[in-house]
2 protein chains.
Amino acid sequence: MPGPGRAALDGLDPRLPLHARLREVLVARVESGEWTPARPLPAETALAEYYEVALGTMRRVLGELVEQGLLERRHGSGTFVRRAKLDSSLFRFFRYGDPRSGTPAGRILSFDRAALPATAAEALGEPPGAASLHLHRLRLRDDEPVLVEDIWLPLPRFAVLADHHQDDLGDLLYPAYERHCGIVVASAEEILTVGTANAGDALLLRCRRSDPVVFIERTARTHDGTAVEWRRSVGRAADFRYRIEIR
Amino acid sequence: MPGPGRAALDGLDPRLPLHARLREVLVARVESGEWTPARPLPAETALAEYYEVALGTMRRVLGELVEQGLLERRHGSGTFVRRAKLDSSLFRFFRYGDPRSGTPAGRILSFDRAALPATAAEALGEPPGAASLHLHRLRLRDDEPVLVEDIWLPLPRFAVLADHHQDDLGDLLYPAYERHCGIVVASAEEILTVGTANAGDALLLRCRRSDPVVFIERTARTHDGTAVEWRRSVGRAADFRYRIEIR
DNA sequence: AAGTGGTCTAGACCACTCC
DNA sequence: GAGTGGTCTAGACCACTTC
């Protein structure tokens with residue numbers, strides 16, 4: 001099977017290095033569902049011949065996709081699409097409190113279509129008022145309210161989520177994005193500030209209005225840097241504890 | 001300069017692949033302080049010849065160390081030990097006016113020998129009460145107080161600093177550690193909490209007692225993970241803005 | 001112009017898994 | 001034994017930084 005060779009890379013920016021274009025087409029094939037965890041991908045030698053690239057180049061790309069968590073390689077048996085591990089991304093971006101104590105849970109209060117507010121739109125690189133899904137959620141630890149979250153997901157990228165009931169999403173959103181939309185969150189930026197609670201937050205957090213609270217604004221991105229989620233979380237300042245490693 | 005060739009890898013488990021052993025010796029050379037961020041490492045071609053390995057193998061190892069955050073490569077200029085930019089980065093997070101305007105400065109209030117308090121001792125892996133240098137400092141922007149800092153440096157590691165006058169240290173401490181003690185800070189852990197100002201902090205920060213403030217406790221480490229500095233910074237919560245990238 | 005890292009190729013050989 | 005990924009080599013050529 002000779003394959004289309006480099007013609008398969010034609011639609012992409014030719015200024016990009018070969019390995020970058022190759023990565024895009026492989027990611028697209030994984031996200032299309034053409035390859036599933038059930039069976040191995042074609043062998044690296046077959047893929048290299050198919051796209052008419054050197055084996056080393058193909059291996060470099062496959063290695064990057066393994067690093068990114070998209071693929072998994074098993075010596076002697078093949079290269080596989082990695083099944084989403086529901087616990088791996090669990091605490092990855094959850095820095096509030098001690099991860100070891102208690103089990104965090106999410107109670108979704110509302111889940112609707114909404115126009116993007118200005119701050120969310122700017123972070124997501126969308127025009128203000130663009131269509132989105134808006135998720136309002138309360139996070140608890142040991143039945144104690146810990147964080148109130150407002151999450152915006154731009155449409156149409158997350159359109160298939162709109163057809164799901166909120167109970168299908170589960171406590172963990174990032175695995176749901178991956179499962180239903182093929183979107184893998186790879187990095188995030190967070191900005192922390194301190195302010196005072198408004199009436200709605202105070203009620204949910206069981207604190208007084210004007211009590212000090214912490215705001216955490218997060219922009220989550222895919223591997224290629226595209227912003228795919230913006231959220232604003234509010235928690236009581238008294239309970240606040242945020243731990244971060246800097247390298 | 002022919003170099004020792006593979007003899008340099010002799011002490012290591014020969015069952016390990018070449019790249020793994022190579023990686024260990026390069027990490028050791030970085031941790032020994034032989035290479036510093038000031039000057040580039042030998043070129044990849046020179047290193048490959050020195051250890052008598054193929055260029056591709058050397059490039060693979062260097063790439064892994066970049067991935068790990070130990071090294072940094074600059075196309076056209078060389079490969080460098082990566083230094084953490086903590087001093088400059090932390091200060092940028094405090095929005096006292098425009099971050100670009102004005103020059104952040106540090107005014108050292110006191111600089112003395114002191115016994116390590118319990119929290120600092122635990123973070124540094126030293127016995128409580130061990131000998132240390134204690135630095136009390138006020139950080140300002142545009143002559144406005146922004147942060148009060150207490151910094152502990154374990155002795156005898158930092159002994160040569162004790163002989164310097166506080167004015168020799170300058171505004172940036174990490175370069176001073178590097179210059180005077182050969183200590184390169186490579187990573188840090190920070191824990192942020194919110195509380196209320198005590199009398200001394202309130203006076204220095206020009207706020208009321210019981211005003212909300214943010215505490216930042218930082219443990220700074222060298223490349224090999226040894227904790228070399230512990231500091232506690234206090235700033236008014238109203239001015240607080242902390243930005244972090246998570247990967 | 002010289003020196004650095006970045007890309008890409010081509011091929012040999014080894015180690016592991018599965019039938 | 002056949003097929004898979006893992007290791008390692010050797011070398012050409014390009015792009016960027018510095019002087």
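Not measured: the values here are computed from a predicted model. Below, chains carry the letters A, B, ... as their sequence lines are ordered, and counting in each starts from 1.
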Visitor: Starting at CG of Leu55(B) and ending at C1' of dG3(C), how long is that distance when rounded to a whole Å?
Guide: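 Distance, rounded to whole Å: 14 Å.
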Visitor: If I take atom CZ in residue Phe80(B) and atom P in nucleotide dG5(C), what distance separates them, rounded to the nearest angstrom?
Guide: 9 Å
Visitor: Could you tell me whether the phosphate oxygens of dG6(C), OP1 or OP2, come under 4.0 Å of any side-chain nitrogen or oxygen in Arg73(B)?
Guide: yes
Visitor: Would you say dT7(D) has OP1 or OP2 under 4.0 Å from some side-chain N or O of Arg60(B)?
Guide: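 True: Arg60(B) side-chain N/O within range (under 4.0 Å) of dT7(D) OP1/OP2.
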Visitor: Quick one: list whatever passes salt bridge (charged side-chain N to carboxylate O under 4.0 Å, His left out) with Glu189(A), sequence neighbours left out.
Guide: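 Scan of Glu189(A) (salt bridge (charged side-chain N to carboxylate O under 4.0 Å, His left out), adjacent residues dropped) gives Arg243(B).
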Visitor: For His75(A) and dG6(D), say yes or no: do the ring centres fall under 5.5 Å of each other while the ring planes differ by less than 30°?
Guide: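 Base of dG6(D): not stacked against His75(A).
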Visitor: Can you tell which of dG5(C), dT9(D), dT9(C) lies closest to the side chain of Ala54(A)?
Guide: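 Of dG5(C), dT9(D), dT9(C), dT9(C) is nearest to the side chain of Ala54(A).
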Visitor: Roughly, in whole Å, what's the span from CG in Leu47(B) to P in dG3(C)?
Guide: 16 Å
Visitor: Atom CG of Leu22(B) and atom C1' of dG6(D): how far apart are they, to the nearest Å?
Guide: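 In whole Å, dG6(D) C1' and Leu22(B) CG are 16 Å from each other.
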Visitor: For Leu18(A) and for Gly76(A), find the nucleotide of DNA chain C with the closest heavy atom, then tell me which residue's nucleotide is more 5'.
Guide: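 Counting from the 5' end, the first nearest nucleotide belongs to Leu18(A).
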Visitor: OP1 or OP2 of dG6(C) less than 4.0 angstrom from a side-chain nitrogen or oxygen of Arg59(B), does that happen here?
Guide: yes
Visitor: Does CD in Glu64(B) sit with more than 12 non-hydrogen atoms of other residues, nucleotides or ligands closer than 6.0 Å?
Guide: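 Enclosed: over 12 neighbouring heavy atoms sit under 6.0 Å from CD of Glu64(B).
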Visitor: Parallel, tilted or perpendicular: which fits the ring planes of Phe240(B) and Tyr242(B), with parallel below 30° and perpendicular above 60°?
Guide: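 Rings of Phe240(B) and Tyr242(B): parallel, as their planes differ by under 30°.
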Visitor: Figure out the CE/P separation between Met58(A) and dC8(C), and round it to whole Å.
Guide: 12 Å
Visitor: Check the distance between dC8(D)'s C1' and Tyr51(B)'s OH and give it to me in whole angstrom.
Guide: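 Taking atom C1' of dC8(D) as the reference, OH of Tyr51(B) is at 18 Å.
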Visitor: For the residue pair Trp230(B) and Trp152(B), categorise the inter-ring angle as parallel (less than 30°), tilted (30 to 60°) or perpendicular (more than 60°).
Guide: tilted
Visitor: If you check every side-chain atom of Thr57(A), which of dC8(D), dC8(C), dT4(C) has the closest atom?
Guide: dC8(C)
Visitor: Give a yes-or-no answer on whether the side chains of Arg23(A) and Gln68(A) include a donor-acceptor pair shorter than 3.5 Å.
Guide: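 Absent: no donor and acceptor within the cut-off.
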Visitor: Calculate the interatomic distance between Arg15(A) atom CZ and dA15(D) atom P; express it in whole Å.
Guide: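 The distance from CZ of Arg15(A) to P of dA15(D) comes to 13 Å, rounded to the nearest Å.
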Visitor: Let me know the distance between NE2 of His19(B) and C1' of dT9(D), rounded to the nearest Å.
Guide: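 It is 14 Å, rounded to the nearest whole Å.
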Visitor: Between Ser77(B) and dT4(C), does any side-chain N or O lie under 4.0 Å from OP1 or OP2?
Guide: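 No.
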